Amino acid sequence: MNETGSRDNVRTLEHYLQGTAPEIVKVYLAIAQSALRLSDELPFHTGMTGGVNPSGDQQAQLDIFSNDLFCDSLLASGVVGQVASEEMEQPRESGPLREHGLSVAMDPLDGSSNIATNNPLGSIFGIWRGPLPQPGRSLLASLFVTYGPTLTLTLTAGKKVAQFVAVRSGPHRGSYVLANDGMVLPDTPEVYGIGGERGKWTPRVEAFVQTLEKRGMKLRYGGTFIGDFNQVLKRGGLFAYPELTNKPHGKLRVLYESAPVGFLAELAGGASSDGRRSLLEVEPRALAETSPCYVGSRGLLRELQSAFVRA
Ligand code: AHG
Ligand code: MN
Ligand code: MN
């Protein structure tokens, strides 16, 4: 499958990953297989659990199902010593690999409030070496999954960004094939989506969003970071879950959400920021620490940071 929809000359994920460090390949393939399984299971776990996660969010059955599925397959890969997750107070560990093996921080199901309405969902993974927390600057690789009309994997191991689509029928059934290699986040901004209640945006966030509206950018907000970011990656623009008057550190978790996506955005030629510096420079002291998150076209992010300094 390529961008024109052709099934000729397909390049599978496994083929594409020849030349990538074998440990990273094992992690990618564990995630890829589990994402197929999760996608098949989505219709069967639609309720709430009644519990809350360490951030205080209500946990859906799918949050727990996806968390356990990815944890088990990552720890069974033989290269992962620690899995930290938005849905767990403490990381799950594989003793001998804890210090020097790979560590994965994940949001196993991003956008769980969209389950009930059948809007896009995602999964986010950051891959480091050694115990977490660590800053985004030390990431070795990151990956996100979209469960939308198609199941896609978007990944980087520190160089190019590539996107793959899962094939569900025909000779390549059950594999992921390359849909987009060397992705470039356009510098001409087209779309924007800003989370949080508008009345709670700080004055400098409100002022900057008004400049986006005046220049004719289109509002696209779906309530799943990954779904919204994927649009920005393809079309250029800005996704933000900004500082709020009642939540100065925003909502998105640095390790589980914003650093892995910031890493990928920067490697696609875009930029990320906490309002002052790259999200990759944020040094989380706790696993579930949050920061304001701005990610998108490089020129626009430069404008945002300058406007924030002047405000
Ligand atoms: P999660 O479902 O993993 O907790 O993440 C939800 C996040 C993110 O995906 C989205 O951008 C944001 O929360 C939406 O928040 P609002 O509903 O407050 O806009
Ligand atoms: Mn999330
Ligand atoms: Mn989540």
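Note: hydrogens, waters and symmetry copies are ignored here, and every other heavy atom, side chains too, is used. All values reported here derive from a predicted model rather than from experimental measurement. In each ligand, atom 1 is the first atom listed, and ligand 1 is the first ligand listed.
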Considering only heavy atoms of E257, which atoms of ligand 1 have at least one such atom less than 4.0 Å away? 3 (O), 5 (O)

Using a 4.0 Å cut-off to any heavy atom of D107, which atoms of ligand 1 qualify? 3 (O)

Protein-derived N, O or S atoms lying less than 2.8 Å from the Mn ion (ligand 3), waters not counted, sum to 3

If we only consider heavy atoms of L109, is any one of them less than 4.0 Å away from an atom in ligand 1? yes

List ligand 1 atoms under 4.0 Å from G223, heavy atoms only on the residue side. 9 (O), 10 (C), 14 (C)

Could you work out, for atom 2 (O) of ligand 1, the closest of P120, G193, S258, G111 by heavy-atom distance? G111

Should E197 be listed as contacting ligand 1, given a heavy-atom distance under 4.0 Å as the test? no

Is it true that N230 and Q163 share a donor-acceptor pair across their side chains at a distance under 3.5 Å? yes

Between R253 and D107, does any side-chain N to carboxylate O distance fall below 4.0 Å? no

Per atom 16 (P) of ligand 1, closest listed option by heavy atom (Y256, F229, Y221, F225): Y221

Which value, rounded to the nearest 0.5 Å, describes the distance between S112 atom OG and L62 atom CG? 8.5 Å

Number the atoms of ligand 1 from 1 as they appear, then name those within less than 4.0 Å of a heavy atom of D57, with their elements. 4 (O)

R253 and ligand 1 - part of the residue with a heavy-atom distance under 4.0 Å: side chain

Working to the nearest 0.5 angstrom, can you tell me the gap between R220 CZ and L238 CG? 14.5 Å

Does N118 CG have over 12 foreign heavy atoms under 6.0 Å away? no

Salt bridge or not between E206 and R198? Use side-chain N to carboxylate O under 4.0 Å. yes

Between T146, N114, D110, which is the residue that forms a side-chain hydrogen bond (donor to acceptor under 3.5 Å, both in side chains) with T224? N114

Under 3.5 Å, is there a donor on one side chain and an acceptor on the other for S34 and S73? yes

Would you check if there is a donor-acceptor pair between the side chains of Q231 and K218 at a distance under 3.5 Å? no

Please state which part of T224 comes within less than 4.0 Å of ligand 1, counting heavy atoms only: side chain, backbone, both or neither. backbone

For the residue pair P292 and E243, what are the closest heavy atoms and their distance? CB-N, 3.8 Å

Might you confirm whether atom CZ of R285 has over 12 heavy atoms from other residues, nucleotides or ligands at distances under 6.0 Å? no

